[in-house]
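What follows is a single structure, written as C-alpha cells, with notes after it.
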Amino acid sequence: MKIKQLTMNGKIVLLTFFIIAFSFFVAGILLLSNLTREHEETVGSRAMLIARTISDLPEIQKQLGEPDLQLAQTKITQIVHDIKIINKAEYIVVMNMDRIKLSHPSPNQLGKKSNSSDMHAAFNENYYISKAIGEQGKTIRAFVPILNEQKKQVGVVVVGFALPTFWNILAENTNEIILAVLLSFLFSIWGAHLLGRHIKRQMFGLEPIEIAKVYVERTETFNAMHEGIIAVDNNMVITIFNQKAGSILGVGGNPEKYIGKNIFDVLPDTRLPEIVESGLAVYNQEIYVNNHSILSNRIPIFVKGKTVGAVAVFKDLTEFKQLAEELTGVKAFVQALRIQTHEYKNKLHTIAGLLQLGHNKQALDYLSQVKMQHDQVTKFLNERIYNENISGLLLSKISRGNELGIEVTIDEESQLTRFPELLDHHDFVLLFGNLIENAFDALTVVERSHKEVLISIDDNDGILAIMVTDNGIGISEENLEQIFESGFSTKDNENRGIGLYLVNEIVKKGNGTIEISSEVNKGTTFILTFEY
C-alpha cells in the first residue's frame with residue numbers, strides 16, 4: 001500500500017510539475033514575444049534617426065541637385081558607406097526625385113530606377129517606418145524625405161536594419177534564459193511538492209481510488225438507511241439526498257439529480273438554512289415538509305470550528321402514527337374486552353340475584369336500563385363524532401372510567417365534524433387519549449366520593465374547542481410552567497412526562513392554543529382551541 005501511495009504521490013507531483021513548468025514556458029514565450037516587439041521598436045527608432053541625420057546633411061542635399069548623376073552617385077556612396085559601417089545598418093539607399101538610386105548596397109542597382117510601390121508616401125514628404133521580408137529575412141526600414149535649404153524635396157533616403165530571428169534573440173540572451181529556466185525548474189519542483197502535500201492533506205491522506213470507493217460506499221449506505229437524510233453546505237447547495245428522503249417527502253426521480261441544486265429550489269421548507277445560520281442543533285421536532293409530517297433531527301456540520309453546512313435526519317411520522325395507533329388500538333381493544341367482561345360479569349351477577357329472589361320484573365327492568373344506557377352512548381358517539389377512531393377511543397375511556405370508579409361524561413352538545421388543517425385522526429387519538437389518561441391519574445390519587453371527568457367538544461363557526469376537566473388533585477403553580485416539558489412528571493413511574501409534551505407539540509403543529517386552569521385538590525381544566 002505504501003508503494004502505491006508513493007506512486008500516486010509521484011504522479012501528483014509530476015503532473016503538478018508539468019502544469020507549473022508549462023505555465024513558466026508560456027510566460028517565457030510571452031516574454032520573448034514582448035522582447036521581440038520592443039527590439040523592433042528600438043531598431044525602427046534607430047533607423048529613423050539615421051535616416052533623418054542623412055537627410056539633414058548639406059552634402060547629400062547638394063549632390064542630389066548635381067546634374068552629373070555619375071558624380072553625385074560617387075559622392076553620395078562615399079558618404080553613406082561610412083555611416084552604414086559605423087551604425088551596422090543593412091543598407092542605406094538615397095534616391096533623387098526621379099527615383100534613381102544614387103546609393104545602394106548592390107553595385108549593379110546603382111543608377112537604376114526604383115519601382116517599389118511602398119515609397120509613394122515618402123516622395124510626398126511623409127516620414128514612416130515599415131517592415132519588409134527580403135532575401136536575408138525581415139528588415140525594418142525608415143523612409144525620410146530629403147529637403148534642400150529652400151524646403152523643397154529633392155530626394156528620399158531609406159535606411160534598413162535586419163531584424164534578429166528567434167534564435168538570434170535566444171543566442172543574445174543565453175545567460176538570462178539559462179538562469180530563468182533553472183529558476184523555473186526549481187520553483188516548479190518546489191511548487192509541485194507543496195501543492196502535492198496540500199492536496200494530500202485536503203484528501204485526508206486518501207488515494208483517488210480510495211476516495212471514489214468511500215464516496216460509493218457512503219452513497220450506498222445512505223440509500224440503504226430507513227431514515228431520510230438531506231445535507232446542505234453554507235450556500236444552501238444540496239450535498240446529500242438519499243432515496244428514503246425522496247420517498248418520505250414525495251419527491252420523485254433519482255435523488256442524485258438534486259445534489260448540486262439549491263435547497264430552496266427542491267424543498268423550500270426543510271428549515272435547514274436556519275440551522276446553518278444559528279449553528280444550533282434541533283432534535284426530535286415534528287415539522288411539515290412538502291405537506292408530509294416528519295420527525296426531524298437537524299444538526300450543524302462543523303469543520304475546524306466553523307459551520308460549513310447542516311444535515312437533517314428524519315423519519316416519516318405518518319407511518320409511526322399509524323403503527324402507534326394500531327398498537328394503541330390493540331391495547332385499547334384488549335383493555336375494553338377486559339373491562340366489558342368484568343362489567344358484564346357484575347351485571348350478570350345482579351340479574352342472577354334478582355331472578356333467584358323471584359324479582360323477575362326488576363331483572364327485566366335492569367336489563368332494559370343497561371341496554372338503553374349503552375345504546376344512548378353508542379348512538380350519541382356515532383351521530384356526533386364523525387371519526388370512528390375517536391368514537392371508539394371515547395367509548396373505551398368511558399368503560400375504563402367505570403372500572404376505576406370515575407364517571408366520564410361527554411357534553412350533550414358536543415360534536416366533531418372535521419379536523420383542523422395539518423392535523424388528522426392520529427393526532428386527535430393522542431390528544432384525547434393523553435388528556436383523559438392524565439385526568440384519570442389525577443383522580444386515582446385523591447380521596448373523593450364522586451370522581452368525574454367532563455369532556456366537551458365545540459365545533460362551530462370555524463373554531464374547534466376541546467375541554468377536558470376533572471375534579472382531581474390539581475397542579476401546583478410551580479409545576480404549571482413545566483408540565484409541557486419532555487420528561488417532566490410529578491410521578492416516579494418510568495416512561496412518564498411525555499404525554500402532555502406530545503399534546504403541546506400537536507397543538508403547535510395545528511397552530512392552536514392551549515389554556516390550563518387548575519387549583520390544588522379541586523381539579524384541572526384543559527382547553528384546546530383550533531381555527532379552521
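Atoms considered below: every heavy atom in the structure, side chains included; atoms not considered: hydrogens, waters and symmetry mates.
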>> I'd like to know if Glu403 pairs up with Arg400 as an ion pair, taking the criterion as any Lys NZ or Arg NE/NH1/NH2 lying under 4.0 Å from an Asp or Glu carboxylate oxygen.
In response: yes

>> Check Glu412 with Arg384, please: is the shortest side-chain N to carboxylate O separation under 4.0 Å?
In response: no

From [X] [atom1] over to [Y] [atom2], what is the distance, rounded to the nearest 0.5 angstrom?
{"X": "Ser391", "Y": "His425", "atom1": "OG", "atom2": "NE2", "value": "12.0 Å"}
{"X": "Asn242", "Y": "Ile229", "atom1": "CG", "atom2": "CD1", "value": "5.0 Å"}
{"X": "Asp458", "Y": "Asp411", "atom1": "CG", "atom2": "CG", "value": "8.5 Å"}
{"X": "Asn387", "Y": "Thr417", "atom1": "CG", "atom2": "OG1", "value": "11.5 Å"}
{"X": "Met236", "Y": "Glu277", "atom1": "CE", "atom2": "CD", "value": "6.0 Å"}
{"X": "Leu502", "Y": "Leu430", "atom1": "CG", "atom2": "CG", "value": "6.5 Å"}

> Please walk me through it: do Leu394 and Ile436 pass side chain to side chain contact (heavy atoms under 4.5 Å, CB included)?
Replying inline: CA-CA 9 Å; Leu394 294 176; Ile436 295 172; 4.0 Å; yes

In the structure I gave you, are the side-chain heavy atoms of [X] and [Y] within less than 4.5 Å of one another anywhere?
{"X": "Ile230", "Y": "Ile263", "result": "yes"}
{"X": "Val468", "Y": "Asn438", "result": "no"}
{"X": "Leu431", "Y": "Phe526", "result": "no"}
{"X": "Gln415", "Y": "Asn460", "result": "yes"}
{"X": "Thr307", "Y": "Phe302", "result": "yes"}
{"X": "Asn297", "Y": "Asn284", "result": "yes"}

Heavy-atom pair with the smallest gap, counting every atom of [X] and [Y]:
{"X": "Thr409", "Y": "Glu407", "answer": "OG1-OE2, 3.4 Å"}
{"X": "Ser456", "Y": "Ser414", "answer": "CA-OG, 3.5 Å"}
{"X": "Phe314", "Y": "Ser296", "answer": "CB-CA, 3.9 Å"}
{"X": "Glu531", "Y": "Ile463", "answer": "CG-CG1, 4.5 Å"}
{"X": "Asp427", "Y": "Leu422", "answer": "OD2-O, 4.1 Å"}
{"X": "Val520", "Y": "Ser476", "answer": "CG2-CA, 3.9 Å"}

[X] atom [atom1], over 12 foreign heavy atoms within 6.0 Å:
{"X": "Asp461", "atom1": "CG", "result": "no"}
{"X": "Glu38", "atom1": "CD", "result": "yes"}
{"X": "Lys257", "atom1": "NZ", "result": "yes"}

> Taking only residues two or more places apart in sequence or in another chain, which ones pass side chain to side chain donor-acceptor pair (under 3.5 Å) with Thr529?
Replying inline: none

> Under the side chain to side chain donor-acceptor pair (under 3.5 Å) test, which residues partner Ser518, sequence neighbours left out?
Replying inline: Thr524

Look only at the side chain of [X] and the backbone of [Y], and say whether a donor-acceptor pair between them is shorter than 3.5 Å.
{"X": "Asp233", "Y": "Asn235", "result": "yes"}
{"X": "Asn504", "Y": "Tyr501", "result": "no"}
{"X": "Asn262", "Y": "Val237", "result": "no"}
{"X": "Asn471", "Y": "Glu452", "result": "yes"}

> Would Val507 and Phe484 satisfy side chain to side chain contact (heavy atoms under 4.5 Å, CB included), going step by step from the backbone distance to the final call?
Replying inline: CA-CA 11 Å; Val507 171; Phe484 293 124; over 6 Å; no

> Could you go step by step and tell me if Leu381 and Ile410 meet the side chain to side chain contact (heavy atoms under 4.5 Å, CB included) rule?
Replying inline: CA-CA 9 Å; Leu381 292 174; Ile410 301 177; 3.7 Å; yes

> Can you name the residues that form a salt bridge (charged side-chain N to carboxylate O under 4.0 Å, His left out) with Glu227, not counting sequence neighbours?
Replying inline: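 Once residues adjacent in sequence are excluded, Glu227 has no partner under the salt bridge (charged side-chain N to carboxylate O under 4.0 Å, His left out) criterion.
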
Side chains of residues 267-274: which donor-acceptor partners sit under 3.5 Å, not counting sequence neighbours?
from: Asp269; atom 1: OD2; to: Asn290; atom 2: N; distance (Å): 3.1
from: Thr270; atom 1: OG1; to: Leu272; atom 2: N; distance (Å): 3.4

>> Working note: Leu249 + Ile294, criterion side chain to side chain contact (heavy atoms under 4.5 Å, CB included); need CA distance, chi angles, decisive distance, verdict.
In response: CA-CA 9 Å; Leu249 301 178; Ile294 63 172; 4.0 Å; yes

>> With ring pair (Phe, Tyr, Trp, His ring centres under 6.0 Å) as the rule and sequence neighbours excluded, what pairs involving residues 246-273 come up?
In response: Phe241-Tyr258

> ring pair (Phe, Tyr, Trp, His ring centres under 6.0 Å): which pairs involve residues 428-482, sequence neighbours left out?
Replying inline: Phe419-Phe428

> Applying the side-chain contact (heavy atoms from CB on, under 4.5 Å) test to Leu528, which of Leu435, Thr513, Ile457, Leu464 qualifies?
Replying inline: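 Testing each of Leu435, Thr513, Ile457, Leu464 against Leu528, the sole residue satisfying side-chain contact (heavy atoms from CB on, under 4.5 Å) is Leu435.
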
